[in-house]
Amino acid sequence: MVAMAQEPSLLALVQPHHARWQACLEAHGLPTGAATLIRMAADGLWQAELLGLAASTPELRNRVISRLLELAGGHA
């Protein structure tokens with residue numbers, strides 16, 4: 001993440017991944033706003049864990065992921 005902040009051209013390596021995930025969620029019938037919310041929440045969860053920004057337990061993580069999947073209608 002630091003490298004991408006310092007060298008924006010590196011974003012090109014991860015942007016296709018996010019675009020595919022967004023397209024997958026939308027292809028399963030989720031409205032764009034809902035798909036974006038779910039994708040961004042999952043990104044935030046991953047980043048918080050990576051950077052140690054929020055204390056979490058495996059149980060809480062599993063509950064959050066389960067809720068995101070429910071919001072996605074089980075299609076994520």
Side-chain angles (χ1 to χ4, degrees):
M1 288 178 14
V2 171
M4 287 186 287
Q6 293 179 357
E7 183 54 56
S9 65
L10 294 174
L11 286 171
L13 299 173
V14 295
Q15 287 171 329
H17 170 73
H18 288 272
R20 276 192 306 273
W21 191 13
Q22 180 81 26
C24 180
L25 290 167
E26 291 178 21
H28 283 93
L30 285 172
T32 299
T36 302
L37 176 66
I38 291 165
R39 182 179 53 79
M40 292 179 126
D43 286 344
L45 176 65
W46 174 81
Q47 290 173 12
E49 289 180 352
L50 176 70
L51 300 172
L53 296 175
S56 184
T57 63
E59 179 183 306
L60 177 58
R61 182 182 192 278
N62 289 338
R63 286 187 2 228
V64 169
I65 291 170
S66 292
R67 183 64 180 127
L68 288 172
L69 288 171
E70 286 173 20
L71 292 171
H75 298 294

Which atom pairs, one a donor and one an acceptor, fall under 3.5 Å between side chains of residues 60-67 and the rest of the protein, sequence neighbours left out?
residue : atom : partner : partner atom : Å
Arg61   : NE   : Glu49   : OE1          : 3.0
Arg61   : NE   : Glu49   : OE2          : 2.7
Asn62   : ND2  : Pro58   : O            : 3.3
Arg63   : NH1  : Glu59   : OE2          : 3.4
Ser66   : OG   : Asn62   : O            : 2.9
Arg67   : NH1  : Glu70   : OE1          : 3.1

Validation: residues 31-43 side-chain donor-acceptor distances under 3.5 Å, sequence neighbours left out:
residue : atom : partner : partner atom : Å
Thr36   : OG1  : Gln22   : OE1          : 3.4
Thr36   : OG1  : Gln22   : NE2          : 2.8
Thr36   : OG1  : Thr32   : O            : 2.8
Arg39   : NE   : Gln22   : OE1          : 2.7
Arg39   : NH2  : Gln22   : OE1          : 3.3
Asp43   : OD2  : His18   : ND1          : 3.4

So, for Leu25 and Ala72, which heavy atoms are closest and what is the spacing to 0.1 Å? CD2-CB, 4.3 Å
By salt bridge (Lys or Arg N to Asp or Glu O under 4.0 Å) - contacts of Glu7 (at least two apart): none
Is there side-chain contact between Pro16 and Arg20, with at least one heavy-atom pair below 4.5 Å? yes
